[in-house]
Protein chains: 2
Amino acid sequence: MEGQSDPHPSSSQIQSQACCPTVPEISIEELDDEVEIFAALANTTRYGAVRLLVAADGEVCACDLAPPLEVSQSAISHALSRLFAVGLVERRKQGRWRYYQATPIAEELIDRIDAHQERDR
Amino acid sequence: MEGQSDPHPSSSQIQSQACCPTVPEISIEELDDEVEIFAALANTTRYGAVRLLVAADGEVCACDLAPPLEVSQSAISHALSRLFAVGLVERRKQGRWRYYQATPIAEELIDRIDAHQERDR
DNA sequence: CTACCATATGAAGATACACTCATATAACGG
DNA sequence: CCGTTATATGAGTGTATCTTCATATGGTAG
């Protein structure tokens, strides 16, 4: 399998008007952390939670996030744990409550998306 | 199933130092488009393609993207189609080649991620 | 035309994912 | 203490997702 591709560097030199405008080299292996950040946002529950936290512009306890998202306690807990794992939210414990807050990177990503949606509407 | 939650508005008024700092209302249904954008980036092949395009800072033909990502022709084609569908890349046909280019929103999201990675390293 | 090349697309199998359920932990209130 | 509340976590399951294979399309060169 993988019957070798590499089409153009063959025969003569097809680099003038053909493809190949020198493709930059990037380390593909090191992309996984970043993919995980986007993967954490690639789900309605988790993205909705981030949006709520960004809109709240401050701390919100987990129990206040579940109802508007219409998901169970377990679901929001799983969701917030994953968001925390990739650094999209911070959390603080107070008594029996756990307060969550969006991190700067979360705010920035949402901000970019909002600006984009604003543009082409 | 779903034995109704809504914990605090019950008994007395537990809003002072408890949770509930007025959770903002957002339209959860309208989030799907945005989730699709992040979902498109939540895969190594697709994210790698976007990174290559952003790094290239210009057009790159599909055949030049497959080798560095170590994926098949079919895989890169599927990947680019999906990225195009959500507006993360643009494309232009020239002869039998198809040139892809990152869109502004793609560049901005990558830019935010890079700045973030820079920060906590 | 006919061969070949770059790309696209549909179906299909293997894998990963997001819930739910059950249960655990921890903090408060009586 | 014991019951209740808020949250966390592991297992299990239905569903979605990604890649490959096969094939289609559209362009180019002989």
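What you are looking at is a predicted structure, and each value in this text was computed from that prediction instead of being measured. Chain identifiers are assigned alphabetically (A, B, ...) following the order of the sequence lines, protein sequences preceding nucleic acid strands; residue numbering begins at 1 within each chain.
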Peer 1: Nearest to the side chain of B:H78 - C:dC21, C:dT7, C:dG10?
Peer 2: C:dG10
Peer 1: Salt bridge check, B:R98 against B:E90: does any charged N sit closer than 4.0 Å to a carboxylate O?
Peer 2: no
Peer 1: Thinking salt bridges, do A:R112 and B:E107 make one under a 4.0 Å N-O criterion?
Peer 2: no
Peer 1: Are any of B:S74's side-chain N or O atoms less than 4.0 Å away from OP1 or OP2 of D:dT20?
Peer 2: no
Peer 1: Ring of B:Y100, cation from B:R91 - is the NZ or CZ under 6.0 Å from the centre and inside 45° of the axis?
Peer 2: no
Peer 1: How close or far is atom C1' of D:dT4 from atom CH2 of A:W97, stated in whole angstroms?
Peer 2: 12 Å
Peer 1: Kindly say if A:R91 contacts the phosphate of D:dA6, meaning a side-chain N or O under 4.0 Å from OP1 or OP2.
Peer 2: no
Peer 1: Measure from CG on B:L80 to C1' on C:dA6 and round the result to the nearest Å.
Peer 2: 13 Å
Peer 1: Take atom OH of A:Y47 and atom P of C:dA18, then tell me their distance rounded to the nearest Å.
Peer 2: 16 Å
Peer 1: Does this structure show an ion pair linking A:E108 with B:R119, if we count only N-O contacts that are shorter than 4.0 Å?
Peer 2: yes
Peer 1: Under 4.0 Å between any heavy atoms, over every strand shown, what does B:Y100 touch: base, sugar-phosphate, or nothing? Just pick one.
Peer 2: sugar-phosphate
Peer 1: To the nearest Å, how far apart are B:Q94 CD and D:dG27 C1'?
Peer 2: 12 Å
Peer 1: Between B:F84 (CZ) and C:dT9 (P), how many Å, whole number?
Peer 2: 10 Å
Peer 1: Between C:dA27, C:dC5, D:dT7, which nucleotide has the shortest distance from any of its atoms to the side chain of B:R96?
Peer 2: C:dC5
Peer 1: Whole angstrom is fine here: how far is it from CG in B:L83 over to P in D:dT17?
Peer 2: 15 Å
Peer 1: Has B:S77 got a side-chain N or O lying under 4.0 Å from the OP1 or OP2 atom of C:dT7?
Peer 2: no
Peer 1: Taking 4.0 Å as the cut-off, does a side-chain nitrogen or oxygen of A:T45 come that near to OP1 or OP2 on C:dC19?
Peer 2: yes
Peer 1: With a 3.5 Å cut-off and just heavy-atom distances, do the side chain of B:Q73 and the base of C:dA6 make a donor-acceptor pair?
Peer 2: no
Peer 1: Side chain of B:A75 only, heavy atoms from C-beta on: which candidate in C:dA18, D:dT20, D:dT7 is closest?
Peer 2: D:dT20
Peer 1: When only distance counts, do a donor and an acceptor, one from the side chain of A:S81 and one from the base of D:dT9, lie under 3.5 Å apart?
Peer 2: no
Peer 1: What is the separation between atom CZ on B:R82 and atom C1' on D:dT17, rounded to the nearest whole Å?
Peer 2: 8 Å
Peer 1: To the nearest Å, give me how far apart CZ (A:R92) and P (C:dA26) are.
Peer 2: 19 Å
Peer 1: Does a side-chain N or O of B:N43 approach OP1 or OP2 of D:dT19 to a distance below 4.0 Å, or not?
Peer 2: yes
Peer 1: Report, as yes or no, whether the 6.0 Å neighbourhood of atom CD on B:Q117 holds more than 12 heavy atoms from other residues, nucleotides or ligands.
Peer 2: yes
